[in-house]
Amino acid sequence: MSSNNSSPRPSVIQLAIKEKGALYAAYIPMFTQGGLFVPTTREYQLGDDVYVLLSLPDDPQRHPIAGRVAWVTPPRAAGNRTQGVGIQFPKDEKARLLKLKIEEILGAHLASDRATQTI
């Protein structure tokens, strides 16, 4: 079987977020479906498919997300921002429920003006 014309398998990123502050800094509320900033030194292009195994604070379960790179923060970015990628969640029920779960965990954090990794 030739693999010349099949697209490469999405890379897998394991992201364990252990505290609310870190989740707040990583969460991207401006993406309609939700999304997360993932610190990584790997080179990604916009539109790359990425499979994220996400662990949330106080939750033993790992949440798999088949996301897509929606922005890239390059190395040595202005303002000392962390190198990494913004992963946009897909338009599906699992992602919708995960977004609700993240927003439930964050609760009052979402209304605050604290700086995040995103914008």
Side-chain angles (χ1 to χ4, degrees):
M1 190 170 118
S2 155
S3 62
N4 288 357
N5 60 0
S6 69
S7 62
R9 287 186 48 202
S11 62
V12 175
I13 298 176
Q14 300 205 27
L15 182 62
I17 298 180
K18 297 188 170 42
E19 58 208 32
K20 278 187 194 179
L23 181 60
Y24 176 78
Y27 182 59
I28 307 171
M30 67 176 202
F31 289 164
T32 315
Q33 281 82 40
L36 286 172
F37 176 81
V38 179
T40 177
T41 53
R42 236 182 112 165
E43 301 260 324
Y44 286 98
Q45 305 295 319
L46 289 177
D48 282 355
D49 289 317
V50 182
Y51 197 74
V52 181
L53 285 172
L54 175 66
S55 304
L56 294 171
D58 306 322
D59 180 0
Q61 188 183 352
R62 294 209 325 205
H63 303 273
I65 308 161
R68 174 162 285 153
V69 175
W71 97 64
V72 176
T73 302
R76 298 174 300 284
N80 285 333
R81 286 186 317 199
T82 307
Q83 179 182 358
V85 290
I87 306 292
Q88 186 169 19
F89 293 175
K91 281 186 182 169
D92 64 23
E93 185 63 10
K94 235 174 18 184
R96 191 182 73 80
L97 292 172
L98 180 59
K99 178 180 190 237
L100 288 173
K101 185 173 185 68
I102 289 171
E103 292 183 349
E104 189 181 308
I105 291 169
L106 291 178
H109 266 314
L110 279 180
S112 87
D113 290 330
R114 282 189 35 211
T116 70
Q117 290 287 355
T118 56
I119 303 207

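In this chain, residues are counted from 1 in sequence order.
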Could you measure the distance from the [atom1] atom of [X] to the [atom2] atom of [Y]? Nearest 0.5 Å is fine.
X	Y	atom1	atom2	value
Leu23	Leu106	CG	CG	4.0 Å
His63	Ser55	NE2	OG	7.5 Å
Glu103	Leu98	CD	CG	10.0 Å

Taking all non-hydrogen atoms of both residues, which atom of [X] and which atom of [Y] are closest, and how far apart?
X	Y	answer
Ala95	Pro90	CB-O, 3.3 Å
Gln83	Pro74	CG-C, 4.0 Å
Ile28	Gly86	CD1-CA, 3.9 Å

For residues [X] and [Y], determine if any side-chain heavy atom of one lies less than 4.5 Å from a side-chain heavy atom of the other.
X	Y	answer
Thr73	Thr82	no
Asp58	Ile105	no
Ile65	Ile87	no

Below 3.5 Å, can you tabulate the donor-acceptor pairs from side chains in residues 30-41 to any protein atom, sequence neighbours excluded?
residue: Thr40; atom: OG1; partner: Arg42; partner atom: N; Å: 3.0

Intermediate values then yes/no, side-chain contact (heavy atoms from CB on, under 4.5 Å), Ile102 and Leu54: CA-CA 11 Å; Ile102 289 171; Leu54 175 66; 4.2 Å; yes
Is there a path of hydrophobic side-chain contacts, each under 4.5 Å between heavy atoms of I/L/V/M/F/W/Y residues, joining Leu100 to Val52? no
Could you state whether Val72 and Tyr51 fall into the same hydrophobic cluster, counting links through intermediate Ile, Leu, Val, Met, Phe, Trp or Tyr residues with side-chain heavy atoms under 4.5 angstrom apart?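 As far as the 4.5 Å side-chain criterion goes, Tyr51 and Val72 are not connected within one cluster.
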Could you list the donor-acceptor pairs under 3.5 angstrom formed by side chains in residues 10-20, with sequence neighbours left out?
residue: Ser11; atom: OG; partner: Tyr44; partner atom: OH; Å: 2.9
residue: Gln14; atom: OE1; partner: Arg62; partner atom: NH1; Å: 3.2

Once salt bridge (Lys or Arg N to Asp or Glu O under 4.0 Å) is applied, what residue pairs with a partner in residues 86-97 remain, sequence neighbours excluded? Glu93-Arg96
